[in-house]
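Just below is one structure, and these are the notes that go with it.
Numbering of ligands and ligand atoms starts at 1, following listing order. Note that these values count all heavy atoms, side chains included, but never hydrogens, waters or copies made by symmetry.
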Amino acid sequence: MSANPSKVTIKATALLLPLLLGIAALCSAVPDPRYREYLIKKERSQQTGGRVVLSEAELQFNVLLDKLKLQEMETSDFPPAMHFFKAKPLIDRSKLFSLLQKMPKGGALHVHDFALVDVSWLVKNVTYRPHCYVCFTDSSSVRFVFSLHQPKTSPQCSKWMLLETLRAKVDNTTDLDNSFIRNLTLYTYDPEVAYPSQDVVWKRFEEAFIAVWGLVTHAPVFKDYFYEGLKQFNADNVMYLELRALLPQTYELDGNINNRFWTMRAYQEVLKEFVGKHPDFFGSRVIFTAHRGINASELTDILKEAIKLQEEFPEIMAGFDLVGREDTGRPLWYFSKALSQPAEHGLSLPYFFHAGETDFQGTDVDQNMLDALLLNTSRIGHGFALVHHPTTKALSRQMGVAVEVCPISNQVLKLVSDLRNHPAAMLMSEGHPLVISSDDPALFGASGLSYDFYEAFVGIAGLKSDVGTLKELAVNSIRYSSLSPQQKEEALSIWQKKWERFVVENLPQ
Ligand SMILES: *[C@@H]1O[C@H](CO)[C@@H](O)[C@H](O)[C@H]1NC(C)=O
Ligand SMILES: *[C@@H]1O[C@H](CO)[C@@H](O)[C@H](O)[C@H]1NC(C)=O
Ligand SMILES: *[C@@H]1O[C@H](CO)[C@@H](O)[C@H](O)[C@H]1NC(C)=O
Ligand SMILES: *[C@@H]1O[C@H](CO)[C@@H](O)[C@H](O)[C@H]1NC(C)=O
Ligand SMILES: *[C@@H]1O[C@H](CO)[C@@H](O)[C@H](O)[C@H]1NC(C)=O
Ligand SMILES: [Zn+2]
């Protein structure tokens, strides 16, 4: 035995080593599952809606929601990963989407005045009204105008043709109407090819806005358009709308021009009529907007008018904003002196600045978010670049300034392609104050708010977001609105009733 002790030792070691390793793994190398569970819960509680206390019914409803969301993720064509123009038919067929359509979503806080209504309504209804003329531009776009007489030819446009006459002449009016519809939206079969860069897509975007202009600034159309917009948002279960509005002059058939005060009164009257017929609709307020291409002295004049409007229409006017592409427009800091004037004179003009709708880091424009906060903005429109700026982000949170996230707009205008990579995913994972909105739904071939809610809930918020997330997003849209504290309470209690009914009506069988 003693002749060969080493053999025994080797044998013993060979047996012991895996055993020792196994014990070591059990004792210290495998992480403590309770600790893991604790960390997972902690992280979940940080996300948007993570601390919302759910009722028994909401927990049951969540089972359905979970199941439907999993179904969306199991298909090979995951809609949020695709361009919206291609994803839309898939979204339209999704059960989760039809649930989100029925869901009371609260308010839409970032929508522009002339991108509210499905453009087929403009073509099928408005261009069929009498006295509507069209001309075709050199860049193969269209312009419209209503006039009693043959209008004077515009530069770079064909002779004006009365649409009634033109339609009688063409073989197929459907083809003509479809070409108008294409001019008034950005929709195209192959967006990646049609819009290779931000410059190209923004050019088309602005072109579509100009094409729509002659139709929607005709005074009677202006009113009908807003009414139709309210109708479409209300039908999408949105109860409140904050409209970014240019408040343009409008024109009558006889050539008379109405000023901004007429435009504001028109909004007020149409809203009153709509709410009279739809008492569940809470209302609408207007954020007066000017194009950021103007210079400081022009802005000073516009701000004076804004203050007058704010004084004359306090219940419908919410405040002021600058619009247009940030990357090519003037940065907010350039306007800082003019924008500080109202506060210096003790006048109230709340700001709702578009800021950070850019993917260029470190430019003057990229600084807009911080400058918006320094200029006392009430919300940040887009804030796409916010996650690049930890100090600004912390300040926005501390000031309770919500970010208006518009997923489809950011995708179509080429800031992000797969919406799972939208920076709002980071904001949502840490419960940053934010709301979901739709920016220019009509131009993107969307409508109302549900498509953006779908993209935010399925694509941006991820699998762990739940009924609490949806609830917090809807509540945020009232909490961060421009309504007074008392109106917010009123709107919240109306929303709460709608919400409870929605949950009960959609419990899993
Ligand atoms: C007009 O064109 C559309 C689509 O291009 C087609 O579906 C329709 O049948 C045409 N109508 C007539 C009257 O030719
Ligand atoms: C706009 O309409 C014109 C005239 O019908 C048409 O030739 C042109 O192709 C349209 N533009 C787009 C982008 O579809
Ligand atoms: C067009 O819309 C107006 C209301 O906005 C409506 O009264 C009218 O009946 C519509 N006309 C057509 C042809 O759809
Ligand atoms: C601002 O723009 C207006 C209108 O284009 C122009 O008349 C004015 O000279 C400009 N002012 C400055 C300071 O550039
Ligand atoms: C900041 O904005 C809020 C809301 O519009 C307003 O009540 C407050 O007076 C403003 N503060 C300053 C310093 O302008
Ligand atoms: Zn916008």
Proximity to ligand 2 by part of Ser179, non-hydrogen separation under 4.0 Å:
both
Between His382 and Phe384, does the ring centre distance come in under 6.0 Å?
no
Pull out every atom of ligand 3 sitting under 4.0 Å from any heavy atom of Asp224, numbered as shown with elements.
5 (O)
Before accepting this row, confirm whether a basic side-chain N of the pair Glu404/Arg244 lies closer than 4.0 Å to the acidic partner's carboxylate O.
yes
Tell me whether Arg285 contacts the main-chain N or O of Ser482 through its side chain, where contact means a donor paired with an acceptor under 3.5 Å.
yes
With a 3.5 Å cut-off and no angle check, do the side chains of Ser450 and Asp236 form a donor-acceptor pair?
yes
Under 4.0 Å from a heavy atom of Arg129: which atoms of ligand 3 are those, numbered in the order shown and with their elements?
1 (C), 2 (O), 3 (C), 5 (O)
Does a donor on one side chain and an acceptor on the other come within less than 3.5 Å for Tyr225 and Asn125?
no
Under 4.0 Å between heavy atoms, the region of Tyr225 that gets near ligand 3 turns out to be neither
Under 4.0 Å from one or more heavy atoms of Asn183, ligand 2 contributes atoms 1 (C), 2 (O), 3 (C), 8 (C), 10 (C), 11 (N), 12 (C)
Could you tell me whether some N/O pair between Arg204 and ligand 2 is separated by less than 3.5 angstrom?
no
Taking atom types as modelled and ignoring hydrogens, do the side chains of Gln487 and Ser484 form a donor-acceptor contact shorter than 3.5 angstrom?
yes
What about Glu228: any of its N or O atoms under 3.5 Å from an N or O on ligand 3?
no
Applying the side chain to side chain contact (heavy atoms under 4.5 Å, CB included) criterion to Phe353, which one of Ile380, Val323, Asp321, Asp371 satisfies it?
Asp321
I need the atoms of ligand 2 closer than 4.0 Å to a non-hydrogen atom of Phe136, numbered in the order shown.
4 (C), 5 (O)
Hey, is CD on Glu344 packed in by over 12 heavy atoms from elsewhere, all under 6.0 Å?
yes
Report yes or no: does Tyr251 contribute a side-chain atom to a donor-acceptor pair with the main-chain N or O of Gly214 at less than 3.5 Å?
yes
Applying a heavy-atom distance cut-off of 4.0 Å, which protein residues contact ligand 5?
Ala343, Pro350, Asn376
So, does Tyr480 use its side chain to make a donor-acceptor pair with the main chain of Val403 at under 3.5 Å?
no
